[in-house]
Amino acid sequence: MLKFSRGIDQDRAATAGGLQQIAFARGAAAAAQPSRLPTLVATAATVAVLYFARDVFLPLAIAILLTFALAPLVSRLRRVGCPRSVAVIGTVTTAFLFLSAFGVVIAMQVSEVAQNLPTYQYNIVEKVRTLKETGSESQILERIGRVIERISTEISRPEPEMRASPEPAPEAKPLLVEIFSPQRPVETLKNIINPLLGPLATTGLVIVVVIFMLFEREELRDRFIRLVGYGDLHRTTEALQDAGARVGRYLLMQLVVNITYGIPLAIGLSLLGIPNAVLWGMLAIVLRFVPYIGPVIAAALPLFLAFAAAPGWSLLVWTAALFIVLELLSNNVVEPWLYGSRTGLSPLAIIVAAIFWAWLWGPVGLVLSTPLTVCLVVLGRHVPQFEFLEILLGNEPVLDPKERLYQRLLAGDPDEATDNAEDMLEEKYLVEFYDTVAIPALLLAERDRARGALTNAQAAQIAQSANTLIANLEEIAGEEEGEEETGAEAQESDGDDDADEYDLPPGDGKSVLCVGGRSDLDDVTASMLAQTLWIQGADAAHAGHEVLKAGNIKALKLEGRNAVVLSVLDRDFMRHAKFTVRRLKRMAPAARVGIVLWQEDGRPGTTERDQLIESLQADFMVFGMGDAVREALSDELPRSLKLAHPKIAPGYAMRRSKRADRESTVKAD
């Protein structure tokens with residue numbers, strides 16, 4: 001009793017010390033975690049500066065993005081042997097001449113469309129009249145018009161006023177006389193040039209900045225590294241290369257995609273007879289840089305013109321069909337073929353970024369929204385203080401597959417968990433999914449349960465959702481069962497000597513019982529193991545942990561079983577596993593009895609595992625799905641059950657003889 005009480009005191013002291021260490025570690029972690037308040041303040045200040053100083057930063061942003069787009073062309077010319085000055089000046093001149101010609105053509109086409117609009121008035125009036133007549137037959141438009149007319153009449157009716165005396169006559173107001181004098185030629189020229197000075201000055205500033213940035217690209221990069229990340233050259237260099245590659249690739253690929261869309265559009269509209277087809281093709285090339293909204297605007301203008309240009313409806317239908325076909329080809333064929341990798345933005349982030357930059361910098365910000373947001377995502381990827389930008393805007397999953405599955409099970413949503421599982425099962429087998437995703441998700445649940453963060457009701461809900469997931473994957477398991485024989489033959493024909501981790505043996509003629517250890521979560525793992533064994537062709541069954549209780553274990557049907565596997569998530573089960581293994585071995589001496597202690601990491605070594613097997617007198621002990629299936633289907637014979645503590649037997653006999661002597665002495669007295 002003294003030793004036992006000392007042991008309890010030591011355990012309490014160790015527990016108290018462990019709790020103190022955990023509390024100290026949590027406090028240290030909380031103290032070490034940087035506050036996000038300075039980052040949020042800096043972000044708000046940056047947004048304010050960008051908004052109020054947009055006249056300065058907008059040309060600079062355009063110049064930087066054009067530098068990203070033109071830098072690969074300059075580098076390619078330099079590798080060919082072209083001098084730097086010739087490469088830079090030639091590239092910039094060609095690019096801006098092309099943009100200028102593009103703008104001139106658009107301006108001429110817009111002027112022509114404006115002149116031709118009055119000629120379409122008759123067709124528009126006739127079609128509106130046709131629609132009105134069609135609506136009047138059904139009396140829908142007519143009734144709506146009458147209601148609107150009555151409401152407007154009632155609103156505009158003046159209220160009657162009681163007048164005590166006649167209203168005096170209004171006073172005569174003087175007539176306004178406007179003196180018109182013809183403008184001089186100088187004033188006329190001034191009125192024309194003044195509105196153009198701002199755009200021309202901005203364009204010239206952008207050209208100059210692009211030229212200097214291309215000339216001093218390496219020098220600017222070194223200065224930026226020295227200013228921002230001199231203490232971490234590797235991370236800063238990687239961030240700059242990542243941003244340049246992503247933005248340059250996006251601009252180039254988007255331009256190619258837009259050209260492959262705009263040229264066929266112009267040809268198709270011209271064949272259909274749409275006026276100014278070149279204009280609509282060129283506008284489509286520009287507007288498709290605006291995410292989501294641009295293609296809609298590019299299609300709306302030609303559709304309106306098709307509505308106005310022809311008296312019938314066939315031209316409008318054919319024009320709409322042309323846009324639908326081109327959109328399908330561009331989105332499903334051209335873009336997947338040209339884009340080696342995406343921008344790294346989620347679809348929602350693209351929409352939110354478009355709204356934000358349009359509010360900040362107007363229409364130009366709307367066009368630049370995607371490349372600017374790409375730079376923010378790169379900043380969040382490489383700078384820890386701005387990691388929230390990558391989480392909010394990036395398209396990379398922020399949760400591991402096991403964490404995502406655990407969250408879905410915890411939320412009681414097995415349907416979405418099944419959808420995610422089916423997506424992953426397109427690339428991996430069910431045994432691999434269970435071993436790398438499902439079992440680790442249940443381990444997360446077990447850890448939360450052990451530390452008190454998960455209630456019994458929540459654990460039961462997770463187990464129920466997981467069982468539903470297993471049932472939903474039954475069809476996939478049946479398909480994999482049919483593929484086992486074909487896959488084995490294919491592997492033999494390939495002659496690959498490398499052993500695959502999930503290359504499992506066939507289970508024909510084997511009968512295995514999988515039993516949960518001590519909780520509902522253990523029962524789920526037993527079901528997963530039984531389903532995997534069934535795929536291998538074994539006669540596999542599973543039972544809950546309740547059958548291991550003293551009053552229920554005798555009801556287990558173990559006749560004909562080749563193996564009995566205890567499936568456990570909690571390490572504490574090892575304290576009681578010895579007695580359970582002995583009972584099972586006595587009940588089924590011909591079956592191999594083993595334990596699967598599910599562990600994702602921190603698995604014991606071979607020596608420690610052998611010691612555990614020896615102390616538990618189990619036939620095997622494994623820590624993963626693949627090893628569990630191999631041991632359950634193994635042809636090895638079960639080990640014999642040893643007597644419990646045989647060294648205690650002599651002492652027990654001596655104490656028994658002494659007790660008998662004392663009893664005989666008492667009787668004699």
Side-chain angles (χ1 to χ4, degrees), residues 430-431 434 439 442 460 463-464 466-471 473-474 477-478 481 484 504-570 573-598 613 616-622 625 627-644:
L430 188 62
V431 58
Y434 281 156
I439 298 296
L442 295 176
Q464 182 179 359
N467 286 323
T468 305
L469 171 65
I470 297 172
L473 298 179
E474 191 75 26
E481 182 189 14
E484 287 299 323
L504 305 178
D508 298 334
K510 301 289 185 180
S511 179
V512 183
L513 176 64
C514 304
V515 185
R518 60 183 303 178
S519 66
D520 295 336
L521 299 178
D522 293 341
D523 298 344
V524 175
T525 60
S527 300
M528 293 179 179
L529 178 58
Q531 192 177 69
T532 306
L533 292 168
W534 176 73
I535 293 174
Q536 297 305 119
D539 177 18
H542 63 89
H545 66 284
E546 296 290 339
V547 300
L548 297 179
K549 293 183 178 180
N552 301 331
I553 193 170
K554 294 182 179 180
L556 276 176
K557 297 181 179 180
L558 302 178
E559 294 81 3
R561 298 291 184 185
N562 299 102
V564 180
V565 184
L566 296 176
S567 184
V568 184
L569 291 168
D570 189 5
F573 178 77
M574 295 296 103
R575 301 176 182 176
H576 313 284
K578 175 172 56 177
F579 306 102
T580 305
V581 170
R582 289 176 181 174
R583 290 177 182 175
L584 293 175
K585 291 185 74 68
R586 291 192 187 99
M587 295 174 61
R592 301 181 76 242
V593 179
I595 299 176
V596 185
L597 179 59
W598 302 104
I613 293 175
L616 298 174
Q617 297 194 35
D619 294 298
F620 59 88
M621 183 175 182
V622 292
M625 182 66 75
D627 294 335
V629 174
R630 293 188 189 93
E631 291 291 344
L633 301 179
S634 176
D635 294 328
E636 295 184 10
L637 297 176
R639 60 188 298 175
S640 58
L641 184 63
K642 298 180 181 179
L643 295 177

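Any value given below was found using the heavy atoms of this structure, including those in side chains, with hydrogens, waters and symmetry copies removed.
The salt bridge (charged side-chain N to carboxylate O under 4.0 Å, His left out) pairs that include a residue from residues 508-520 are K510-D635, R518-D570, where partners are two or more places apart or lie in different chains.
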Just do the side chain to side chain contact (heavy atoms under 4.5 Å, CB included) check on I439 and T525 with the steps written out, would you? CA-CA 7 Å; I439 298 296; T525 60; 3.7 Å; yes

Between S527 and N467, does the side chain to side chain contact (heavy atoms under 4.5 Å, CB included) criterion hold? Intermediate values first, please. CA-CA 8 Å; S527 300; N467 286 323; 4.2 Å; yes

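For the pair R639 (side chain) and A618 (backbone), a donor-acceptor distance under 3.5 Å is present. Side-chain N or O atoms of R592 include one that pairs as donor or acceptor with a backbone N or O of E631 at under 3.5 Å. Between the side chain of D522 and the main chain of L569, a donor-acceptor pair closer than 3.5 Å is present. The backbone N or O of I470 sits less than 3.5 Å from a side-chain atom of Q531, completing a donor-acceptor pair. Side chain of S634 to main chain of R630: no donor-acceptor pair is present (N/O by atom type, distance under 3.5 Å, no hydrogens or angles). Proximity of a side-chain donor or acceptor of D619 to a complementary backbone N or O of P638 within less than 3.5 Å is not detected. Judged purely by atom type and a 3.5 angstrom limit, N562 uses its side chain to pair as donor or acceptor with the backbone of S511.
Contact between L633 and A538 at its shortest, heavy atoms only, is CD2-CB, 3.8 Å. Between A526 and C514, the closest heavy-atom pair is O-CB, 3.6 Å. Contact record, D523 with A543: OD1-O, 4.2 Å, taken as the closest heavy-atom pair. Nearest heavy-atom pair across R561 and A541 is NH2-CB, 3.8 Å. Here the closest heavy-atom approach between residue A530 and residue A540 is recorded as O-CB, 3.3 Å. What you find for A563 and A591 is that their closest heavy atoms are N-CB, 4.1 Å.
Using a 4.5 Å cut-off on side-chain heavy atoms (C-beta onward), L566 and L584 make contact. Annotation: side chain of L533 is in contact with side chain of L529 (closest heavy-atom distance under 4.5 Å). Proximity of L513 to L556: side-chain heavy atoms (C-beta onward) are separated by under 4.5 Å at one or more points. Side-chain contact check for W534 versus H542: every heavy-atom pair is 4.5 Å or farther apart. Taking the side chain as every heavy atom from C-beta outward, I553 and M587 approach each other to under 4.5 Å. Contact of the V431 side chain with the Q536 side chain is not registered, since no non-hydrogen atoms from C-beta on lie closer than 4.5 Å.
With T580 as the partner, the side chain to side chain contact (heavy atoms under 4.5 Å, CB included) test is satisfied by one option alone out of V515, V593, L548: L548.
For the atom pair I535 CD1 and L430 CG, the distance stands at 4.5 Å (nearest 0.5 Å). The distance from the OH atom of Y434 to the CG atom of L442 is 10.5 Å, given to the nearest 0.5 Å. Note: Q617 CD to S640 OG = 8.5 Å, rounded to the nearest 0.5 Å.
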